[in-house]
Amino acid sequence: TIPLRLFRKTGLKIPSRLEVRGEVYLAKDEFKRINTEREEEGLATFANPRNAAAGSLRQIDPKNTASRRLNIFIYGAVASGELDIASHYEMLNYLVDAGLKINPNIRKAASLKEIKRYLESWEEKRKDLPYETDGVVIKVNDFGYQRKLGQTSRNPRWAIAYKFPPEEEVTRILDIKVSVGRTGALTPVAVLRPVTVAGSTISNATLHNEDEIRRKDVKVGDWVAVHKAGDVIPEIVKVIKERRDGSQQEFTM
DNA sequence: TTGTTTCACGCCATATAGTG
DNA sequence: CACTATATGGCGTGAAACAA
């Protein structure tokens with residue numbers, strides 16, 4: 001869905017150089033289609049759209065990638081100076097005119113209150129979207145303010161992600177093992193009764209260190225709530241203490 | 001040649017050490 | 001205090017490396 005030729009519209013200013021950035025996704029119905037096909041062909045089915053999309057991009061033969069029918073939303077661009085665009089919103093509209101796809105649900109908000117209302121409006125609606133989403137990005141619109149705010153080493157100070165509450169499941173800690181890292185660091189890892197959360201089988205989760213175990217009051221044999229932080233990293237959210245029956249064992253490194 | 005294992009990658013949380 | 005830089009952890013995936 002990235003056109004081979006941009007700027008078919010006449011009268012549009014064309015920069016000498018344009019770099020666009022976006023997020024590739026695999027729509028829910030395409031994910032289903034691929035898995036149905038793979039089933040018919042006796043191939044293993046994919047676990048979730050996110051990882052299927054990632055795998056599709058890693059194909060050596062672009063024909064394979066194309067057959068997966070990935071899609072993309074462009075969310076930003078860097079153009080050589082001559083463009084005369086002063087805000088993010090303007091830029092996105094320009095990119096649409098240039099022939100690129102952007103997310104149709106962008107909105108300008110004038111206050112935090114408005115932002116909050118918008119976020120709440122998607123809590124339920126997001127299930128009706130043709131793709132899976134885990135949140136909304138809130139950005140400062142004016143490029144001048146963006147420049148003033150600047151960025152840290154990894155994150156801009158003018159944008160932040162709001163994440164919807166992630167899917168949560170309950171399982172049991174079967175054991176706590178200590179893993180030895182490359183540098184010799186010892187890290188306790190919870191071995192869980194495998195549980196499916198948002199399309200992944202979670203069977204391990206790091207407990208980081210002894211302090212963290214004490215903070216969360218985790219014991220071997222505990223029932224715990226788990227989720228995938230950032231939709232990816234398995235994390236023990238909390239211990240369900242009401243379900244303790246005395247068989248739980250304190251862990252020491 | 002075939003099957004298995006390892007690796008890199010993207011994603012984020014948490015921690016430590018160090019800088020200014 | 002606000003960072004930067006780095007390390008570590010887990011999952012799913014395809015490719016590469018390895019073993020049989």
Side-chain angles (χ1 to χ4, degrees), chain A residues 21-26 28 30-31 34-35 37-39 41-70 72-73 75 131-137 148-169 171 173-218 224-238 251 253:
Chain A
R21 302 168 181 183
E23 191 155 20
V24 172
Y25 66 95
L26 182 63
K28 291 179 195 166
E30 297 294 347
F31 174 72
I34 292 166
N35 267 348
E37 282 177 20
R38 289 179 69 90
E39 228 164 61
E41 290 160 29
L43 298 166
T45 55
F46 291 134
N48 58 63
R50 185 202 190 93
N51 289 100
S56 300
L57 283 172
R58 307 205 52 207
Q59 296 289 318
I60 280 190
D61 187 347
K63 284 198 187 80
N64 287 336
T65 309
S67 75
R68 304 283 171 84
R69 294 183 213 167
L70 297 168
I72 190 169
F73 285 138
Y75 59 68
Y131 51 88
E132 288 184 0
T133 178
D134 66 345
V136 177
V137 177
K148 273 191 185 174
L149 288 161
Q151 62 215 4
T152 69
S153 66
R154 286 152 81 166
N155 314 105
R157 292 197 189 87
W158 45 266
I160 194 163
Y162 168 83
K163 303 277 182 163
F164 298 118
E167 201 178 292
E168 211 171 274
E169 295 294 337
T171 187
I173 297 188
L174 304 176
D175 194 9
I176 294 176
K177 288 192 167 152
V178 178
S179 92
V180 184
R182 178 170 57 82
T183 61
L186 303 177
T187 308
V189 178
V191 181
L192 307 168
R193 187 162 50 70
V195 61
T196 302
V197 183
S200 302
T201 308
I202 294 186
S203 40
N204 296 292
T206 179
L207 291 165
H208 299 291
N209 55 51
E210 221 169 6
D211 283 352
E212 179 74 5
I213 294 176
R214 244 177 282 140
R215 237 189 333 261
K216 281 185 171 154
D217 189 22
V218 171
V224 290
V226 296
H227 71 200
K228 291 198 292 179
D231 223 24
V232 179
I233 315 287
E235 185 182 26
I236 291 176
V237 182
K238 62 168 182 190
F251 173 80
M253 295 279 279

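Each chain gets a letter, A, B and so on, in the order its sequence line appears, and its residues count up from 1. Excluded from the calculations below are hydrogen atoms, water molecules and symmetry mates; all remaining heavy atoms, backbone and side chain alike, are included.
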Under 4.0 Å between a side-chain N/O of [X] and OP1 or OP2 of [N], yes or no?
X	N	result
A/Thr206	B/dA13	no
A/Asn204	C/dC11	yes
A/Arg157	C/dA2	no

- With a 6.0 Å cut-off on ring centres, are A/Phe73 and A/Tyr25 close enough?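 Yes, the ring centres sit under 6.0 Å apart.
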- Query: Looking across every strand, which nucleic acid part, if any, lies under 4.0 Å from A/Ser203 by heavy atom: base, sugar-phosphate, or nothing?
  - Reply: sugar-phosphate
- Query: How is A/Ala229 classified with respect to the nucleic acid when contacts are heavy atoms under 4.0 Å: base, sugar-phosphate, or nothing?
  - Reply: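 Contact class for A/Ala229: sugar-phosphate only.
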Side chain of [X] (C-beta onward), nearest among [options]:
X	options	result
A/Lys163	C/dG10, C/dG12, B/dC12	B/dC12
A/Arg50	C/dG14, B/dC11, C/dC11	B/dC11
A/Ser200	B/dC11, C/dG12, C/dT13	C/dG12
A/Arg68	C/dG12, C/dG14, B/dT14	C/dG14

- If only atom types and distance count, is the side chain of A/Asp134 paired as donor or acceptor with the main-chain N or O of A/Lys163 below 3.5 Å? no
- Message: Which is more 5' along DNA chain C, the nucleotide nearest A/Lys228 or the one nearest A/His208? Just name the residue.
- Response: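 Going by which nucleotide is closer to the 5' end, it is A/His208.
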- Check: A/Asp61/A/Asn64 side-chain N/O donor and acceptor closer than 3.5 Å: no
- Begin with the C-alpha distance, continue with both residues' side-chain angles, and end with the deciding distance and a verdict on side chain to side chain contact (heavy atoms under 4.5 Å, CB included) for A/Thr45 and A/Glu39. CA-CA 7 Å; A/Thr45 55; A/Glu39 228 164 61; 3.9 Å; yes
